[in-house]
Structure formats: C-alpha cells, structure tokens
Amino acid sequence: MIRKSVLPRNIVVVGSGPAALMAADRLSAYPGLHITLIEKRKAPGRKILIAGSSGLNITNELPVPEFSSHYRGSAPRDFWRGVLDAFSPQDWLRYIDVTLGQETFLGTSGRYFVREMKASKMLRAWLHHLAAQGVRLESSGEMVSVGSGEVQLADGRRFDADAVVLALGGASYEPEEDPLRWISSFESKGIRLEPFHSSNAGYELDWKPEFLKEAEGKPIKNCVFSTERGSKRGEVMVTRYGLEGTPVYTFGCVGDARIDLLPEFSYDEILSRCLSIKENLAPLRRAKKKLPLSEAALALLFHHAPRAMLQDLGQFARLVKAVPLKLTAVRPLTEAISSAGGVHFSEVDSETLMLKKVPGVFCAGEMLDWDAPTGGFLIQGAVSTGVKAGEAAARFALERVT
Ligand SMILES: Cc1cc2nc3c(=O)[nH]c(=O)nc-3n(C[C@H](O)[C@H](O)[C@H](O)COP(=O)(O)OP(=O)(O)OC[C@H]3O[C@@H](n4cnc5c(N)ncnc54)[C@H](O)[C@@H]3O)c2cc1C
C-alpha cells in the first residue's frame with residue numbers, strides 16, 4: 001500500500017551562500033520540514049563577506065525583461081525571465097528590508113547596494129532569521145557525495161534527506177589548495193558539467209616597465225573599452241599585469257582591444273582643441289594643455305601608442321579615440337569575481353531545478369551553468385534560483401510517498 005511518509009521530513013541544504021540561505025528561507029516557511037544547512041567551511045557565507053568588503057551590490061534597477069537578458073549559459077530560452085518574475089529584484093529588495101532589516105540604496109548606474117558597507121551585518125541578520133525559523137547549521141561539513149535521499153560528508157557523517165538542495169557555488173575565488181571535490185561525485189553519475197572558467201576577471205597585457213612606473217594602480221576614468229565582444233563605458237584600472245574594471249569584466253577577451261580615452265569628444269573636437277595652440281608643440285604636449293586626459297591616459301598614449309601616431313595631429317586625434325591594446329590572457333579563477341560553467345541545464349528540470357538523474361536533489365546558484373556581468377546580476381541570480389529550488393524541494397518532500 002502507498003502511504004504518505006510521516007512528518008517531519010528532513011531537508012538538507014548544502015552551502016551557505018545567498019542561494020542556499022534563500023532556499024533554506026523558503027523551505028522554512030513550510031510546517032513539517034526539518035532543515036539542516038551544511039557548510040564545508042568553519043563559518044558560513046564566505047563569499048558574501050568577500051563580495052561585501054567594498055560595498056555589496058545586491059541587484060539592479062533594470063526591469064525584468066531587460067534584467068534577464070544579462071544572463072548567459074545553457075539555460076533554456078525564457079528561463080531567466082520566469083525565475084526573475086517569480087522572485088524579482090523588487091522582491092529581493094523587500095526581503096532585505098523587511099526580513100533582514102537592512103537599508104538599501106540605489107547608487108550610480110542603476111545598481112542597488114546595502115547601506116552598511118560591510119556585508120557582515122546582513123549575513124548575521126540572515127543567519128539569525130533562519131535560526132529563528134528552526135534551520136540548523138552544521139559547519140565544517142564537506143559534502144563529497146549525494147544521492148536520492150542521502151548526503152555523505154568527507155568526515156564520514158551521513159544525512160538522510162527527503163529532499164536535498166545543493167547550492168555549492170562556482171569555482172571563482174577558491175583557494176588553490178581547496179579543490180571542488182563534489183565535481184567527481186557528479187561526474188561518476190554521468191551528470192554533464194561545463195568546465196568552470198574565469199568570468200568577470202581582469203585581463204593581462206604586456207605593459208612596458210616605464211608605463212607601469214607612471215600608471216600602476218591608477219584609473220582611466222570615463223573611457224570606452226571595446227573588444228570584438230562589445231563596448232562598455234566606465235572606469236578601467238591599470239594593474240601590474242594588465243587591466244581590471246567593469247568594462248573589462250564585461251567585454252574582455254584575448255586578442256585586440258581599444259580604449260576611447262575621451263568618449264564625449266569627437267575626433268574633430270580633439271583636433272580643433274589641439275590646433276587652438278599657436279606654439280609649435282608636439283601633439284601630446286598640446287593634448288596635455290587642452291584635453292582632460294588623466295595621468296594614466298597620458299602615460300598610455302606616451303608609452304604604448306605607435307610612435308608614428310604621436311607625430312601627426314590627425315593620427316594623434318584618432319589614437320585618443322582608439323588606443324590599440326592586445327589582451328594576452330584572462331586572470332585565473334582564483335582571482336575572478338565569478339565563474340562560467342557548472343551543471344549543464346540539460347541535467348535539471350527547468351521548472352524545479354531538480355537533477356534528472358538524481359530525483360529529490362535540486363541545484364541552485366552559481367554551481368549551475370550560468371553567468372552574468374557585475375552590477376548585481378550575480379547575487380540576484382543566486383537568490384532567485386535559490387527560491388525556485390527551495391520551493392520545489394519543499395513540494396517534493398511534502399508530496400513524497402514511501
Ligand atoms: C571579490 C568578489 C566580489 C563580488 N561582488 C559581488 C557584488 O558586489 N554583487 C554580486 O551580485 N555578486 C558579487 N560577487 C559574486 C557573488 O558573491 C556570487 O555570485 C554569489 O556569492 C554566488 O552565490 P552562491 O550561493 O551560488 O555561491 P557561494 O556564495 O559561493 O556559496 C557556496 C557555498 O557552498 C559551500 N560549499 C561548496 N562546496 C561545498 C561542499 N562540498 N560541502 C559543503 N559546502 C560546500 C562554499 O563553502 C560556500 O559557502 C562577488 C564575488 C567576488 C569573489
């Protein structure tokens with residue numbers, strides 16, 4: 001005879017990033033579920049704390065249709081639209097305000113931030129809220145294997161579960177000595193994983209030492225950075241090894257790139273400003289006097305532009321609009337803000353995020369094969385998929401028959 005299994009049902013959520021915490025929150029709204037959160041590190045929420053170390057950008061003001069167009073990866077068409085309609089940027093902002101008691105504000109370029117500069121207060125409030133909802137946290141527990149109905153930890157502990165939500169994160173910013181051991185347990189089940197690689201990362205260039213002496217650590221503000229992938233206005237930062245900054249994260253790729261140092265000036269305006277000096281000066285010296293170029297921008301022109309272009313005013317004006325650069329490599333995963341790759345969407349039911357090969361096991365957050373630019377899209381993607389997986393796991397456990 002088929003009967004409903006008796007309450008309470010055990011639910012295991014693995015991870016303690018935004019995707020896991022949000023999944024646990026949703027699960028904890030259902031009576032009769034006994035929820036355990038398992039985190040491999042000694043303390044929860046490491047990446048939220050890292051992300052928040054210089055201001056936590058939690059979402060973006062874009063309306064859902066435009067917001068959802070920022071996601072790349074193997075998700076089916078309209079997946080993101082549906083996920084974000086179900087738990088939208090506005091829902092997330094309300095949750096931070098009402099449930100976590102944290103103030104947010106809309107910053108420049110449409111990005112929302114938590115008012116408190118460090119994320120520790122928000123994380124504390126979140127953990128406190130979940131504890132009050134009855135969610136139990138087990139730290140220092142690394143999941144090495146998962147199956148329908150059980151989770152196995154590296155230290156030998158085993159948890160029985162009526163449903164499992166995995167929110168293990170991506171592969172960025174992980175210490176090299178700390179490999180992602182869960183990957184082999186997925187591979188042994190024949191679950192397709194796209195290899196993780198750096199996303200939202202800096203790019204390398206062969207800078208001349210003389211240039212670095214003048215420009216290392218300095219920004220080139222309000223420029224337009226372009227590659228074959230696209231163009232973005234913003235600030236790029238000169239580093240010892242190359243360039244960092246949102247435009248580079250968004251459109252960087254190995255190969256040719258160019259920077260328009262003065263996007264608000266046309267070629268003709270640059271030329272006429274430089275020509276307005278009557279003295280017989282070289283183009284660069286005219287530019288220093290007449291154009292609002294930063295120290296780093298001037299150093300870039302002086303040290304990295306083809307010599308011939310610095311002699312002729314017409315060519316110089318063209319150069320200011322498009323300094324040519326060669327990006328030689330992306331920075332490693334250990335430094336990247338996020339990773340592309342992860343569990344291929346063909347492996348999950350897109351309505352529930354349940355693994356097709358392991359019924360009762362749901363995936364959320366950056367461990368799935370999606371990626372997005374900086375600007376609040378990453379955390380929003382994590383929490384919205386956390387809601388979807390949490391809700392589906394609750395339904396699965398409660399409807400389960402034994
Ligand atoms: C420097 C930096 C700055 C960032 N700034 C922003 C920003 O301002 N805005 C934004 O939107 N995003 C930002 N991000 C990205 C954002 O932090 C991530 O996209 C987000 O944390 C992903 O959430 P997640 O829950 O999927 O994974 P994570 O937050 O990575 O959480 C995964 C958790 O699972 C645990 N875990 C992994 N494997 C196991 C296992 N086998 N057993 C048990 N536990 C395990 C991990 O220890 C971790 O705690 C930033 C990232 C970095 C590195």
Side-chain angles (χ1 to χ4, degrees), residues 12-24 36-60 67 70-71 89 92 107 111-114 117 119 122-123 126-127 137-146 151-155 157 159 164-175 178-186 196 198-202 244 246 249 331 333-340 342-343 353 363-387 389-390:
V12 169
V13 179
V14 189
S16 64
L21 299 184
M22 193 47 94
T36 307
L37 201 63
I38 298 178
E39 164 57 46
K40 72 174 176 185
R41 293 202 157 80
K42 281 196 191 113
R46 169 180 174 266
K47 211 172 278 175
I48 305 183
L49 294 175
I50 293 171
S53 60
S54 54
L56 189 61
N57 173 202
I58 27 124
T59 193
N60 198 289
F67 200 115
H70 284 70
Y71 293 88
W92 173 220
R111 297 167 179 221
Y112 276 99
F113 292 86
V114 178
M117 275 304 274
M122 175 169 142
L123 178 62
W126 212 344
L127 294 167
L137 173 67
E138 293 269 349
S139 40
S140 305
E142 183 184 4
M143 182 215 82
V144 283
S145 161
V146 64
V151 168
Q152 184 73 50
L153 303 193
D155 58 14
R157 278 181 292 163
F159 289 79
V164 177
V165 177
L166 301 179
L168 308 176
S172 78
Y173 239 76
E174 293 294 320
D178 201 0
L180 302 180
R181 288 197 280 181
W182 63 266
I183 286 178
S184 55
S185 115
F186 271 52
F196 282 116
S198 298
S199 178
N200 292 307
E244 295 271 343
T246 301
Y249 302 154
R331 292 299 282 173
L333 261 170
T334 47
E335 291 176 20
I337 287 177
S338 64
S339 57
V343 177
L353 297 179
C363 298
E366 216 182 303
M367 70 179 292
L368 286 161
D369 177 30
W370 61 269
D371 181 32
T374 56
F377 303 101
L378 295 165
I379 289 185
Q380 180 74 52
V383 292
S384 291
T385 53
V387 166

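Just follow the structure's listing: the first ligand is 1, and inside any ligand the first atom is 1. Predicted model, so just to flag it, every value in this text is computed and none were measured.
For ligand 1, the atoms lying closer than 4.0 Å to a non-hydrogen atom of G365 are 26 (O). For ligand 1, the atoms lying closer than 4.0 Å to a non-hydrogen atom of G15 are 33 (C), 34 (O), 35 (C). The contact set between ligand 1 and A382, taken as ligand atoms under 4.0 Å from a residue heavy atom, comprises 23 (O). Interface of G141 with ligand 1, defined as ligand atoms under 4.0 Å from a residue heavy atom, comprises 42 (N), 43 (C). Ligand-side atoms of ligand 1 in range of A167: 32 (C), 33 (C), 34 (O), range being under 4.0 angstrom from any heavy atom. Remark: ligand 1 atoms within the under-4.0 Å shell around heavy atoms of V14 are 42 (N), 43 (C), 44 (N).
Neither side chain, N200 nor T374, offers a donor N or O lying under 3.5 Å from an acceptor on the other. No hydrogens or angles considered: a donor-acceptor pair under 3.5 Å links the side chains of Q380 and T59.
Atom OG of S139 sits about 7.5 Å away from atom CD of E39, to the nearest 0.5 Å.
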- Message: For L56 and M122: C-alpha separation, side-chain torsions, deciding distance, then whether side chain to side chain contact (heavy atoms under 4.5 Å, CB included) applies.
- Response: CA-CA 10 Å; L56 189 61; M122 175 169 142; 4.2 Å; yes

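Residue contacts with ligand 1 leave out G386, since none of its heavy atoms falls under 4.0 Å from the ligand. In this structure, I337 is part of the shell of residues with a heavy atom less than 4.0 angstrom from ligand 1. For the ligand labelled ligand 1, residue S16 lies inside the 4.0 Å heavy-atom shell.
Taking any N or O of W182, backbone or side chain, none lies under 3.5 Å from an N or O belonging to ligand 1. At under 3.5 Å, not a single nitrogen or oxygen of A364, backbone or side chain, sits near a nitrogen or oxygen of ligand 1. Close N/O approach between Y173 and ligand 1 is not found [any backbone or side-chain N/O within under 3.5 Å]. Taking distance alone, with nitrogen or oxygen atoms compared against 3.5 Å, R46 stays at or beyond that limit from ligand 1. Considering backbone and side-chain atoms alike, G45 places every N or O at 3.5 Å or more from each N or O of ligand 1.
Scanning the protein heavy atoms around atom 25 (O) of ligand 1, the nearest turns out to be A19 N, 3.0 Å. At the shortest separation from atom 4 (C) of ligand 1 among protein heavy atoms lies A51 CB, 3.3 Å. Distance from atom 48 (C) of ligand 1 to its nearest protein heavy atom, with residue and atom name: E39 OE1, 3.5 Å. Shortest contact from atom 1 (C) of ligand 1 to any protein heavy atom: I50 CG2, 3.6 Å. Summary of contacts: the protein heavy atom closest to atom 44 (N) of ligand 1 is K40 N, 3.1 Å. Among all non-hydrogen protein atoms, the one lying nearest atom 10 (C) of ligand 1 is I379 CG1, 3.3 Å. When only non-hydrogen protein atoms are considered, atom 9 (N) of ligand 1 lies nearest to N57 O, 2.8 Å. The protein heavy-atom contact nearest to atom 19 (O) of ligand 1 is E366 OE1, 2.8 Å.
Distance alone, capped at 3.5 Å, places no donor-acceptor pair between the S198 side chain and the A336 backbone. Using modelled atom types, no side-chain atom of S384 and backbone atom of G381 make a donor-acceptor pair closer than 3.5 Å.
Heavy atoms from both the backbone and the side chain of L378 come within less than 4.0 Å of ligand 1. Contact annotation: for R41 versus ligand 1, heavy atoms closer than 4.0 Å belong to the side chain alone.
Under the 4.5 Å side-chain criterion, counting only non-hydrogen atoms from C-beta, L153 is not in contact with E138. Using a 4.5 Å heavy-atom threshold, the side chains of S339 and E174 count as separate. L127 is listed as a side-chain neighbour of L21, based on a closest heavy-atom distance under 4.5 Å. Annotation: side chain of T36 is not in contact with side chain of V151 (no heavy-atom distance under 4.5 Å). Side-chain contact between K47 and S172 is present, with heavy atoms from C-beta onward closer than 4.5 Å.
Of the options Q380, K47, R181, the smallest heavy-atom separation from atom 17 (O) of ligand 1 is shown by K47.
Heavy-atom contacts from other residues, nucleotides or ligands closer than 6.0 Å to CZ of F113 number more than 12. Around the CZ atom of R157, the shell of radius 6.0 Å holds more than 12 heavy atoms that belong to other residues, nucleotides or ligands.
Classified by interplanar angle (parallel below 30°, tilted 30° to 60°, perpendicular above 60°), the ring pair W92/W126 is tilted.
A pairwise comparison of heavy atoms in P175 and R46 identifies CD-NH2, 3.9 Å as the closest pair.
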